[in-house]
Novice: 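This is the structure I have questions about; it appears just below.
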Amino acid sequence: MFIYDSVQKTKREFKSLQEKKVSLYVCGPTVYDDAHLGHAKSALVFDLLTRVLTANGYDVTYARNITDIDDKIIKKALEQKKDIKEITDFYTEAFHKEMASIGVERPTIEPKATESLETMTELIQKLIDSNHAYATAEGDVYFDTASDSEYLKLSSRVQEEDDKVQRVESSSLKKNPADFALWKSVKDNTVTFDSPFGKGRPGWHLECSAMIEKHLAKPDAEYAVDIHGGGADLLFPHHENEAAQTRCGTNHALANYWMHNGFVNIDGEKMSKSLGNSFFLKDALKEYDGEVLRFYLLSTHYRSNFNFNTEDLATSKKRLDKIYRLKKRLFGLAENCEPTKFQEHLLESLSDDMNVSSGLALIDEMISHANEALDTAGKHKVLKREVISNLSYIENILGFGVKNAFEYFQFGIDEDTKSRIDDLIVKRNEAKKEKNFEASDKLRDEILAFGVSIMDTAQGTFWEKV
RNA sequence: GGUGCCAUCGCCAAGUGGUAAGGCCGCAGCCUGCAAAGCUGCUAUCCCCAGUUCAAAUCUGGGUGGCACCUCCA
């Protein structure tokens, strides 16, 4: 298996720290608002990584945090006059629900910041004791970036000259402008936590380092985790700072491999609150089947920036439709458990830094071959079972085609409409039987008016939402 | 300004030295009462210039054009 390491900027063969075991940590959401397509992309990428690692025989421990301490959460709580926990619980639950609808499985561990305060303060204390952090007169604790010779190496950055100028202007008590907060003193009565350094709140970067130590790190290993992942924007400063904290506060480096997924843009523009073009997952799910979104968001390489637009989404749907149509053709048959060459090749593609694109090419070719064979040798049982086994493999490793094929094609059509369509199909078939094609074509037009297409097959007449 | 990434058929998109995967769209055909679905066939020399090499989309240099990060952000 190969993974592109975004810190070393090269594709590396994956070797786990422990035999056949992988620890994976991914930066999760700050639960103060609805998840947008970018959250979905990141969750999907690492969901797929977990599946591919598992298919390669690894036992994966996947941790993704929930950041439930944050200024933005507090701000929202004050605005809405609600309790912090009410806000975080609401968005955490929404996150889980929406992720489930695009086929993202729950991580092995989902640590919350509020449940890891002790680990965080312990880590701060270690950093203070080893002279990598200092407390100011105001009660804040900062990481001393000058004390870490490795600082900025992770993100290949150079210390900027004007940083030193800013120091004069800054009213902060930081020794160095690059120093970042580990603990922020809070004087008011909003939300504070007790610590040996006084009342306050932990710094954002600290959270991840602490969670990794608590849940994943093996004391004697060279690295705390095998793989650390997150969005491309997290490399600096978040991951840089995380790495510094762990490096200086423990006896190991943070991660052996770093993976960063590319960004989701909307119609060529960056998605952001200020531009007002955030695309929330919950809104997308009203219009599109979750699996179509999954297919679309995963169809491009995870490292590339992704340009979301409805035309390409429609193309992805057509591609996913083909999987489901084949599934319909084989409805009700059992699978053969023998692994096929196709499955071997698919895993090979996905194991090469998750090359989904070439995997999809294999899938499309497999579908074509299967349809061709079914057209010419429809009663070939061994072949059918092999194809079903292939489809089942795709379901497991990519999460494509997991639904009932008939229900998939009926997304967004209510029960009443369904029965009306079915009635019309019965009437149309009667007309066809009597060779009254004028009547049958008229009935077909009525059916098409519901926004569906119909197809006559050997198994009967089926309809699909267009 | 600093750092880094990218540029492949109308559109989406693989491919990092050996002579351009796949999908969508389009065209032709098979199938069909007609359709739809399915199948078959057809469609690019890889932004520009120069260089390295027996051989380059793939390496090097220079241009042009996009984009990202440097601030909370997946």
Side-chain angles (χ1 to χ4, degrees), chain A residues 6 9-11 26-30 32-33 35-46 64 67 70-72 75 152 155-163 178 204 229-238 240 260-265 268-274 278 296 299-307 309 311-322 325-326 328-329 349 352 355-376 432 435-438 440-441 444-445 447-448 452-458 461-464 466:
Chain A
S6 44
K9 298 194 202 313
T10 179
K11 205 186 271 187
V26 177
C27 296
T30 300
Y32 72 102
D33 205 349
H36 57 229
L37 293 173
H39 293 109
K41 169 89 181 175
S42 181
L44 284 167
V45 165
F46 293 102
R64 183 183 60 202
T67 299
D70 188 274
D71 289 352
K72 290 189 287 287
K75 190 173 167 232
L152 295 183
S155 54
S156 319
R157 231 154 259 276
V158 287
Q159 195 79 39
E160 287 176 39
E161 279 299 311
D162 43 325
D163 275 0
W204 173 48
D233 56 330
L234 259 31
L235 180 54
F236 186 85
H238 187 52
E240 182 71 61
H260 292 94
N261 64 274
F263 260 53
V264 178
N265 297 324
E269 284 199 65
K270 184 181 169 169
M271 181 169 32
S272 77
K273 298 243 164 85
S274 52
S278 284
Y296 179 40
S299 64
T300 315
H301 194 92
Y302 74 90
R303 277 188 278 125
S304 311
N305 281 338
F306 190 94
N307 186 28
N309 64 80
E311 290 78 16
D312 293 343
L313 177 62
T315 299
S316 277
K317 182 186 178 302
K318 286 180 187 171
R319 226 172 162 176
L320 181 59
D321 286 351
K322 296 202 295 187
R325 289 208 186 95
L326 181 56
K328 275 206 300 196
R329 289 188 80 168
S349 279
D352 181 16
N355 193 334
V356 178
S357 214
S358 68
L360 289 180
L362 292 169
I363 290 174
D364 279 317
E365 279 163 5
M366 186 279 286
I367 292 173
S368 282
H369 291 151
N371 275 321
E372 187 190 2
L374 289 167
D375 282 349
T376 52
K432 276 177 67 181
K435 302 245 188 271
N436 185 350
F437 296 123
E438 200 181 324
S440 72
D441 285 353
R444 179 167 60 197
D445 287 342
I447 296 167
L448 263 40
V452 301
S453 67
I454 60 170
M455 47 210 64
D456 299 323
T457 74
T461 301
F462 299 112
W463 61 271
E464 297 180 358
V466 178

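Note: hydrogens, waters and symmetry copies are ignored here, and every other heavy atom, side chains too, is used. Each chain gets a letter, A, B and so on, in the order its sequence line appears, and its residues count up from 1. Predicted model only: the values in this text are computed from it and were never measured.
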Novice: In whole angstrom, give the distance that lies between atom CG of A/N309 and atom C1' of B/C11.
Specialist: 9 Å

Novice: Could you go through nucleotides 14-18 of chain B and list every protein N or O atom that sits under 3.5 Å from one of its N or O atoms, giving the distance for each pair?
Specialist:
unit_1	atom_1	unit_2	atom_2	d
B/A14	OP1	A/H301	N	3.3
B/A14	O3'	A/N355	ND2	3.1
B/G15	OP1	A/N355	ND2	3.1

Novice: Ion pair present between A/D321 and A/K318, side-chain N to carboxylate O less than 4.0 angstrom?
Specialist: no

Novice: Rounded to the Å, how far apart are A/Y302 OH and B/A13 P?
Specialist: 17 Å

Novice: Could you give the CG-to-C1' distance, from A/L235 to B/U71, as a whole number of Å?
Specialist: 15 Å

Novice: Which value, in whole Å, describes the distance between the C1' atoms of nucleotides B/G15 and B/U58?
Specialist: 9 Å

Novice: In the structure shown, which nucleotide is the Watson-Crick or G-U wobble counterpart of B/C42, with both distances under 3.5 Å?
Specialist: B/G26

Novice: Counting only side-chain N and O atoms of A/N371, is one of them less than 4.0 Å from OP1 or OP2 of B/C39?
Specialist: yes

Novice: Does the side-chain ring of A/F263 sit on the six-membered ring of the B/A68 base, less than 5.5 Å centre to centre and under 30° in tilt?
Specialist: no

Novice: Output the rounded distance in Å from CE (A/M366) to P (B/C39).
Specialist: 12 Å

Novice: Ignoring hydrogens and angles, state whether a donor on the side chain of A/N371 or A/R325 is under 3.5 Å from an acceptor on the partner side chain.
Specialist: no

Novice: Measure the distance from CD1 on A/I447 to C1' on B/C34 and round it to the nearest whole Å.
Specialist: 14 Å

Novice: Distance between the P atoms of B/G10 and B/U43, in whole angstroms?
Specialist: 15 Å

Novice: Once you round it to whole Å, what is the distance between C1' of B/U71 and CZ of A/F236?
Specialist: 10 Å

Novice: Would you mind classifying the nucleic acid contact of A/V356 as base, sugar-phosphate or nothing, using non-hydrogen atoms under 4.0 angstrom?
Specialist: nothing

Novice: Please report the distance, rounded to the nearest Å, between CG in A/N305 and P in B/A13.
Specialist: 11 Å

Novice: Who is the Watson-Crick or G-U wobble partner of B/G65, with both distances under 3.5 Å?
Specialist: B/C6

Novice: Charged N to carboxylate O under 4.0 angstrom, A/K11 versus A/D352?
Specialist: yes

Novice: Is a donor-acceptor contact shorter than 3.5 angstrom present between the side chain of A/R444 and the base of B/A35?
Specialist: yes

Novice: Are there any protein N/O atoms within less than 3.5 Å of an N/O atom in nucleotides 23-27 of chain B, and if so, which ones and at what distance?
Specialist:
unit_1	atom_1	unit_2	atom_2	d
B/G23	O4'	A/R319	NE	3.4
B/G23	O4'	A/R319	NH2	3.3
B/G23	O3'	A/K322	NZ	3.3
B/C25	OP1	A/K318	NZ	3.3

Novice: Using Watson-Crick or G-U wobble geometry with both distances below 3.5 Å, tell me the partner of B/A20, or none.
Specialist: none

Novice: Does A/F236 have A/R157 sitting over its ring (NZ/CZ under 6.0 Å from centre, angle to axis within 45°)?
Specialist: yes

Novice: Which part of the nucleic acid does A/D70 contact within heavy-atom distance under 4.0 Å: base, sugar-phosphate only, or nothing?
Specialist: nothing

Novice: Taking pairing as Watson-Crick or G-U wobble with both contacts under 3.5 Å, can you name the mate of B/G1, or confirm there isn't one?
Specialist: B/C70

Novice: Can you tell me how far P in B/G4 sits from the matching atom in B/U8, rounded to whole Å?
Specialist: 23 Å

Novice: What interatomic distance, in whole Å, is found between C1' of B/A68 and the corresponding atom of B/C49?
Specialist: 27 Å

Novice: Want to settle it: does A/K72 or A/Y296 sit nearer the 5' end of RNA chain B, counting the closest nucleotide to each?
Specialist: A/Y296

Novice: Write down the distance between NE2 (A/H39) and P (B/C72), rounded to a whole number of angstrom.
Specialist: 16 Å

